[in-house]
Amino acid sequence: MDKNYDHKKYEKDIYRKWEESGAFTPKIVKNKKPFTIILPPPNASGGMHTGNVLMIAIEDILIRWHRMKGDPTLWLPGTDHAGTETQITYERELKKEGKSRFQFDRKTLYKNIQEFVFKNKHFIEDQIRAMGASVDWTRYKFTLDEDVLETVRETFEKLHNEGLVYRDNYMVNYCPVCGTTYADIEVSHEEKNDPLYFMKYGSFTIATVRPESKFRDTALAVNPKDKRFKEWIGKTLEIPGLLGPIMMTVIPDPEVDPKFGTGIMKVTPAHDPHDFELGKKFNLPVLPIIDLDGRMDFSWFLNQENIDSKYRTRAEKYHKKKVREARKLMVEDLKEDGLLIKVDDAYSHPVPVCKAGHEIEPTVLPNWFIKVESLKKPALEAVKSGQIKIYPKWREITYIRWMESMHDWAISRQNVWGIRLPVWYSLEKNPTLQLTYLKTDGQRVLRSGQGVLSSKELDEARDGLQQLSAPIGSEYVISQTSPGSDYLQETDTFDTWFSSGQWPLVTLGYPDSNDFKYFYPTDVMETAWEILSKWVSRMIMFGIYLTGKVPFKDVYLHGIVRALDGRKMSKSLGNVINPEEYIEQYGVDALRIGLVSGTANGKDFNFPKDRVIAFRNFANKVWNIARFVNSVQGLASSVQTENEDDRLILNDLNKLIKDVDRLLEKFRFAEAGEKIYEFVWHKFADVYIEKYKNSKTQNFQTLNHVLVTSLKLLHPFMPFVTEAIWQEMKFDGQLITASWPIINDQK
RNA sequence: GGACGACUAGCUCAGUGGUAGAGCGCUUCGUUGACAUCGAAGAGGCCGUUGGUUCAAUCCCAACGUCGUCCACCA
């Protein structure tokens, strides 16, 4: 054995031996209770970040502990196609080549993204191995595996058959740059500075940051308690505007803050979520003015006859301009007409942005929804009744709040990279279908259903299809395969959480595989608390809905690893910690247990660099304890009888075993790790071994026993160094499959 | 606006109804049969503020202050 433990010399070989020996694959024993964890799948085309390392470290502790205890233990690995995120990444690559996704039909684009992902997928798989994750690779799943797709489609069909699926026009968070809809929970808000314009509205003045939408305003809202405007409620006014007069009704809305601006709010049902609701309540028309590319659309105006030439010129000027650009032009014209009263340039407000940081344009679109009422009730009850326990307990309230307030779930996304809805539209029966496709010559065309019915054109449309938009009320068929020659499949894909919400089921081969029958429900779901609402809640809903059983018994939520400076890691701040550097420098063991001991209770915490170094030193300490034991093996002075020191250390060891078991039961990993550290270093090495050196009654058996037991206890926390020692010392078999220590009561 | 969490040694964080803990850092000493990625000894804290419960509070309760995070959002 070398003087110091060199992690680089051992890690790879040891992992290979583990994997090749089949140690990761559980032996199914009918009457034995299994222990199962499904690995939350990391992004297949992404890299390993510190959060992943923490996740793997914690799960591996539980897994190795149970495996050593003799439970049939399954840790099932997988990777995620990460729909929107991956598509954004891929489109960035395209942009570098001067291309955009609109130059491809969706089949080709899908294939290209798939190649891109498959090319990168092995990186993350290698990293999971490098972490030492003792996952069962023979059961590895990707979120777009064929059997996964099948189950997901069947679930949709089942929901549909039971009346839980519907289509509706809905105000969605639409990102014109990404070309897709985002769920509320995916949208964040950024404080932005936007001028607040005070515009003349007939005899009123209103304040708005969005003067461009005023052409499609359909009402004015005032607070019913506001005495200033009481008499106007219900009246219809003619208001002079940039393109001539508009008629508008004054409606009451208690949400209007009389103190904000002028106390009057303009209502644009087509482009504001609150206004959309208001519009439903008062039966206001929904008149869009911004198209799906984020440009102003004035066709509704320009198509009219007998337009004043001044107005025509203006409308033509705004038409197809980006929103902000058009706004500038309009402000100029407002000034010209004397309609602009003042501008508050200091105004700042929260603006919704998508995952990629683009501004969200609230838009009314047909979307697919799930009625969650009947799904969420049992999911809520499962946690309230304690059938599912959430650790740390204080996170539970987040779940309960979220579930209680959960509203119907928009499950369709206008992405290509994802699972396409198994919905088919007949062109014949739906003449109002809108198709965007590439012709064989590469030309991009937009057509409605009528007119593409010739078989040649239909083939062209099918091959070159980019997007299909079916108005509400369109006839459709749900089917895993095409129901007929004039049918086209829905181009929307499922929200990632719709499919990943079924992850514990699909990974185990729901509904009738042996694995599913044996391992489901799983034991622990361990993940970042950030996705408690997005993911954990959906898994519970679908688990219960499809099987009648909860998908897991315990939910353990770990905190977010912040950067060394205490801020959230982000590329723009340049404070991202690359775990690989730490692995290279200090070894995986040190990084893993360092992270685990950095967080005791699921709170967010700063990257514990000093602890990583401390545990690197500890790995070396354990290594050298083993070297010492090795060096004194077979020395003549060794006796059989136990002395006082022996009894002391064995007693402490027994206590340690009890403590570790107790703490792991309660998910107190940091404390368990530190107990072992304290025992091994400060009791075993500092006291017992130091005394051993000078003792006249050295008992090698005790010395060896304490080492062996310490290695076993430490193995879940620091798998590599302990296994390396085990091999170097030529102990029996592999430590990974050695038996967990039990308390020796005779002492 | 609503909620949750934090405030303990120079730094990062554990912890408990009854003389305060770890890692790192710091000071002094040390090449003793594994380890300088080490050993020995040590300094350092009215456990955010103010009240309350208690024989006893860093821990329980209330209020306040500061910070962080999440949710909802006002044109």
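Values in this document were obtained by computation on a predicted structure and should not be read as measured data. Just the heavy atoms: all of them, side chains too, but no hydrogens, waters or symmetry mates, feed the values below. Letters go in sequence order (proteins before strands), and every chain restarts at 1.
For Asn617(A) and C35(B), the shortest distance from a side-chain N or O to OP1 or OP2 is not below 4.0 Å. Contact annotation: Lys603(A) does not reach the phosphate of C13(B) (side-chain N/O to OP1 or OP2, under 4.0 Å). For G23(B), the OP1/OP2 oxygens have a side-chain nitrogen or oxygen of His682(A) closer than 4.0 Å. The phosphate of C13(B) has OP1 or OP2 within less than 4.0 Å of a side-chain N or O from Asn606(A). Taking 4.0 angstrom as the limit, Trp681(A) places a side-chain polar atom (N or O) nearer than this to OP1 or OP2 of G39(B). Contact annotation: Tyr197(A) side-chain N/O to A75(B) OP1/OP2 distance is not under 4.0 Å. Distances shown here put a side-chain N or O of Lys3(A) below 4.0 Å from the OP1 or OP2 atom of A36(B). Within the structure, every side-chain polar atom (N or O) of Arg611(A) is placed at least 4.0 Å from both OP1 and OP2 of C11(B).
Nucleic acid contact for Val629(A): none, since no nucleic acid atom lies under 4.0 Å from a heavy atom of the residue. Nucleic acid contact class of Ala614(A) (heavy atoms, under 4.0 Å, all strands): sugar-phosphate only. Contacts of Asn630(A) with the nucleic acid, taken as non-hydrogen atoms under 4.0 Å apart, are absent.
Nearest nucleotide to the side chain of Ile397(A), out of C4(B), C70(B), A34(B): C4(B). Of the candidates C38(B), A3(B), A75(B), A3(B) carries the atom nearest the Arg401(A) side chain, counting heavy atoms from C-beta on. You'll find that the side chain of Asp257(A) is closest to A75(B), out of C35(B), C24(B), A75(B).
A heavy-atom distance below 4.0 Å to RNA chain B is reached by these residues of residues 259-285 of chain A, ordered by number: Phe260(A), Met265(A).
Comparing U12(B) with U53(B), their C1' atoms sit 34 Å apart, to the nearest whole Å. On the P atoms, U66(B) is 38 Å away from U27(B), given to the nearest whole Å. Separating the P atom of A43(B) from that of U28(B) is a span of 15 Å, rounded to the nearest Å.
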Item to check | CA sep, side-chain torsions, deciding dist, call: Ser537(A), Lys376(A), side chain to side chain donor-acceptor pair (under 3.5 Å) | outcome: CA-CA 9 Å; Ser537(A) 62; Lys376(A) 75 183 196 182; over 6 Å; no
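At distances below 3.5 Å, at least one donor-acceptor pair connects side-chain atoms of Glu11(A) with backbone N or O atoms of Val588(A).
Rounded to the nearest 0.5 angstrom, Glu526(A) CD and Ile61(A) CD1 are separated by 9.5 Å.
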What donor-acceptor contacts under 3.5 angstrom involve side-chain atoms of residues 201-209 of chain A, with partners at least two apart or in another chain?
unit_1, atom_1, unit_2, atom_2, d
Tyr201(A), OH, Asp217(A), OD2, 2.7
Thr208(A), OG1, Arg210(A), N, 2.8

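Between the side chain of Glu690(A) and the base of A34(B) there is at least one donor-acceptor pair of N/O atoms closer than 3.5 Å.
Protein atom CG of Asn624(A) is 10 Å distant from nucleotide atom P of C38(B), rounded to whole Å.
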Checklist entry - In dot-bracket notation, what is the pairing pattern of RNA chain B, taking Watson-Crick (N1-N3 plus N6-O4 or O6-N4) and G-U wobble (N1-O2 and O6-N3) contacts under 3.5 Å, with [ ] crossing and | for other strands? => result (((((((..((((.......)))).(((((.......))))).....(((((.......))))))))))))....
